Amino acid sequence: NAGVMQNPRHLVRRRGQEARLRCSPMKGHSHVYWYRQLPEEGLKFMVYLQKENIIDESGMPKERFSAEFPKEGPSILRIQQVVRGDSAAYFCASSPGGQSGGETQYFGPGTRLLVL
Amino acid sequence: GESVGLHLPTLSVQEGDNSIINCAYSNSASDYFIWYKQESGKGPQFIIDIRSNMDKRQGQRVTVLLNKTVKHLSLQIAATQPGDSAVYFCAEIKAAGNKLTFGGGTRVLVKP
């Protein structure tokens, strides 16, 4: 997965704390996606962003979760007041943008969040 | 509801044999399908894709078949190697969308 970078790779938080997950897309990609994966399950879509715009957030929980992709810098997935049920692997993917009908999304290595 | 699902959760294969992983989808509006491989502790890795106007596409040691009549997708791996051991996911994108819907995954175990 050359190019899609995520940090941190592992994050431990106590209940009630905030978690910030970062994603830098592949060079030349302007579309970013966040997915969540529970153990032994498939990935579940959360949010789709372009620079400074949220395009589709239909998979985002209504509360405590937010995402941004600023003009400069990485995309951020923010989880406020974390609970144990937020423990999961969070994957970011990117695509070039500009092609209708779906583009190949390339994934980063993920951030494994553990809430104690 | 709309979903992408798999028939077999675990597939054991002898090294050198061919592997076939199956996937059923229910949304006939989907027009782009992708197979990903995920090794333990890593992110999904793109293997091969196919659009709905095709029924077969070949890559290096892999072939994807799409049967729109029965809404079935399969991934064939030729001469399976130990490095092919992983979980394989099929995923779909609906027309004019960009959201991947993943199936539950099939674990492939390659026996030496």
Side-chain angles (χ1 to χ4, degrees), chain A residues 1-7 9-10 21 23-26 29-50 53-60 69 88-112, chain B residues 1-10 21 23-25 27 29-54 57 59 64 66 73 86-109:
Chain A
N1 294 336
V4 180
M5 299 175 63
Q6 290 187 248
N7 68 82
R9 295 292 307 278
H10 300 273
L21 288 60
C23 170
S24 296
M26 286 180 69
H29 286 192
S30 61
H31 293 206
V32 166
Y33 314 79
W34 286 93
Y35 294 82
R36 177 164 62 178
Q37 184 179 36
L38 297 173
E40 300 296 307
E41 293 187 8
L43 284 73
K44 297 286 192 282
F45 170 82
M46 298 181 74
V47 62
Y48 162 37
L49 309 103
Q50 297 175 19
N53 281 307
I54 296 175
I55 306 303
D56 181 352
E57 56 182 347
S58 59
M60 287 278 273
F69 189 17
Y90 292 84
F91 290 97
C92 169
S94 72
S95 69
Q99 180 177 346
S100 61
E103 297 183 310
T104 302
Q105 295 176 23
Y106 296 91
F107 284 83
T111 294
R112 276 121 188 110
Chain B
E2 299 160 349
S3 65
V4 178
L6 299 177
H7 296 164
L8 299 173
T10 304
I21 306 166
C23 179
Y25 65 95
N27 188 349
S30 294
D31 68 351
Y32 183 45
F33 303 88
I34 310 170
W35 281 100
Y36 285 95
K37 171 187 179 183
Q38 187 176 27
E39 297 174 277
S40 181
K42 297 183 179 180
Q45 176 187 355
F46 171 84
I47 301 174
I48 192 168
D49 59 0
I50 189 168
R51 295 204 178 265
S52 59
N53 61 353
M54 304 172 67
R57 191 165 188 217
V64 55
L66 176 62
L73 190 70
V87 177
Y88 290 80
F89 294 97
C90 63
E92 63 174 332
I93 292 181
K94 297 166 192 170
N98 275 305
K99 175 172 66 176
L100 280 170
T101 300
F102 280 82
T106 293
R107 186 179 306 278
V108 172
L109 299 175

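In the text below, chain A, chain B and the rest are named by the order of the sequence lines, each starting its count at 1. Just so we're clear, the structure is a prediction, and the values are computed from it rather than from any experiment.
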Trainee: Checking side chain to side chain contact (heavy atoms under 4.5 Å, CB included) between B:L100 and each of A:Y35, A:Y48, A:Y33, which is the one that passes?
Mentor: A:Y35
Trainee: Please flag which part of A:E41 lies under 4.5 Å from any non-hydrogen atom of chain B: side chain, backbone, both or neither.
Mentor: backbone
Trainee: For residues B:Y36 and A:Q105, report the shortest heavy-atom separation together with the two atoms involved.
Mentor: OH-O, 2.7 Å
Trainee: If you look at every heavy atom in B:K99 and A:F45, which pair is closest and at what distance?
Mentor: CD-CD2, 2.9 Å
Trainee: At a 4.5 Å cut-off on heavy atoms, which part of A:Q6 comes close to chain B: side chain, backbone, both, or neither?
Mentor: neither
Trainee: If I measure from the heavy atoms of chain B, does A:S58 come under 4.5 Å with its side chain, its backbone, both, or neither?
Mentor: side chain
Trainee: For B:F102 and A:F107, take the angle between the two ring planes, folded into 0 to 90°, and tell me which bin it lands in: parallel under 30, tilted 30 to 60, perpendicular over 60.
Mentor: perpendicular
Trainee: With respect to A:T104, which candidate in B:I93, B:D49, B:I48 satisfies the side chain to side chain contact (heavy atoms under 4.5 Å, CB included) definition?
Mentor: B:D49
Trainee: Looking at A:Q37 and B:F89, what are the two nearest heavy atoms and their distance?
Mentor: NE2-CZ, 3.6 Å
